[in-house]
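Right, one structure below, let's go through it.
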Protein chains: 2
Amino acid sequence: MKKIIYESPYVTADTVIFTIQDGVLKVLLIKRADVPFKGSPALPGVFLLKNESGLEAAKRALRSKTGVQAGGYLEQLYTFDSRFRDPRGHTISITYFALVEEKNLKIRLGKNLPNRQAGIQSPKLYPVNKLPRLAFDHKEIIELALLRLRAKLEYTNVVYSILQKFFAFSELQKAYEIIFGRKLDKRNFRKKFLSLDLIRPTKQILRGTRSRPAKLYEFKSRKPSSLKKFF
Amino acid sequence: MKKIIYESPYVTADTVIFTIQDGVLKVLLIKRADVPFKGSPALPGVFLLKNESGLEAAKRALRSKTGVQAGGYLEQLYTFDSRFRDPRGHTISITYFALVEEKNLKIRLGKNLPNRQAGIQSPKLYPVNKLPRLAFDHKEIIELALLRLRAKLEYTNVVYSILQKFFAFSELQKAYEIIFGRKLDKRNFRKKFLSLDLIRPTKQILRGTRSRPAKLYEFKSRKPSSLKKFF
DNA sequence: GCAAAAGTGTTGGCGTTACACCCATGG
DNA sequence: CCATGGGTGTAACGCCAACACTTTTGC
């Protein structure tokens, strides 16, 4: 076969990990321990291992950096493949975006790293609307992921992956408001969301909030599904 | 850098080229001249050359198989990267989808091929709803491309790329009907499309059709642009 | 004059938006 | 008792879908 005569580019998987923390949409970034862009925050990413798919690699990066085992949402975003995106040579990046509950995020020090680097590489959450200067084209990747995330909220149920199993309606609404970056009308939101038939009320009640207790809901299914339109 | 210890997968670019011919949505396929899947129709694709981006490679495949130089629409679709999709070894495919006018399609024999293979490799158009058995996972790729194409028609102006510069309203409507696979109401279609402000009437008139002559329209811009919603 | 496609408005229903007050609890 | 967020309905508007007849040409 001919393929031998071609020189394959390197292939990485980079993942944009979103979560909501303290009412703000944040992205998980790691300070690079090596050149190029040494010291700059970057998306967690790995080179593909032999015979490893991009999705497997993205899961590997997700697990090793966040401790998230499952329950989040993960999908392929786009493949960035410009010749010039990595000064070391042609490296294409299959990018993914992930949505995870903050409580599942057990941020870990990099494994198998000397302490000096572990300190530097330790992952941190950054608000998406106050991003620092990033390594490579990672800012562009995050911006695309954010567009995709907003679009997905409009016609899928993926918001389940950023909420706890039982949640108050106001928490659901806050997730939408935080991600969309605008306020929504409480009554209209309830009406619309209930009409989608994605969630059901439970017998759980959220108490201890110094205000009226809230009925808790759960998603009928915590698997991704698409709808007609939505918001 | 560590990357050296990883063995990169091979990287190809495969393109789903759509056009409308004789009122039917068709895809351009090439019969494979070599194993694996020798003799099966497949998407036109190429291995990435050194330092070549996926988009450049897709354009290269498009030009060499169809003679289309420009004017069509081309965008990245998805990256298929399962370990098992190519029996020869791990090969990831960055896939693209293209929309071209049929009249721009000058289907060419493969270059630099012995006649025996040229005959076999000669590209042909196949109706998307009567696809033969295809090589690799190419059927899956086409199905995804078709979903994307339908979605794009709903909120972008990309239909311009499958129409001639001047077109009758009925031709525009037919393009939508063929791609969506259902009839649309003539009056509602006109109303909705005109309200989008994407096209303008010209002084051209289409005569000689054994029926009432049609006013011809043109797109104000033949560059991709996105809108709110649409259909 | 007839076949064939072009061109043109109105109406009813449905979904979206805008909007304000009472309720249940914790402190 | 008061501060806090929970919970609820209605009316106006705009968008979308359904629908039929007249016009202009080629033959």
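Everything numeric here is computed off the predicted structure, so don't read it as measured data. Each chain gets a letter, A, B and so on, in the order its sequence line appears, and its residues count up from 1. All values below come from the heavy atoms of this structure, side chains included, with hydrogens, waters and symmetry mates left out.
Remark: Ser211(B) is not in phosphate contact with dT24(D), judged by side-chain N or O atoms under 4.0 Å from OP1 or OP2. When the side-chain nitrogen and oxygen atoms of Lys192(A) are compared with OP1 and OP2 of dT17(C), one or more of them lie within a distance under 4.0 Å.
Comparing Lys191(A) and Pro213(A), the nucleotide of DNA chain C nearest to each residue sits closer to the 5' end for Lys191(A).
Contact of Lys186(B) with dG7(C) (side chain to base): a donor-acceptor pair of N or O atoms is detected under 3.5 Å. Checked by distance alone, Arg187(B) brings no side-chain donor or acceptor within 3.5 Å of a matching partner on the base of dA17(D). Scanning atom types as modelled, one donor and one acceptor separated by under 3.5 angstrom connect the side chain of Arg212(B) and the base of dT23(D).
Summarising the geometry, the separation between CG on Asp185(B) and P on dC15(D) is reported as 18 Å, rounded to the nearest angstrom. Whole-Å rounding puts the Leu172(B) CG to dA6(C) P distance at 12 Å.
Using cut-offs of 30° and 60° for the angle between ring planes, the Phe180(B) and Tyr176(B) rings count as perpendicular.
Taking the six-membered ring where the residue is Trp, the centroids of Phe219(B) and Phe167(B) are separated by under 6.0 Å.
Of the N and O atoms on the side chains of Ser225(A) and Asn157(A), at least one donor lies less than 3.5 Å from an acceptor on the other residue.
Residue contacts shown for Arg190(A) include a base, since a base heavy atom lies under 4.0 Å away.
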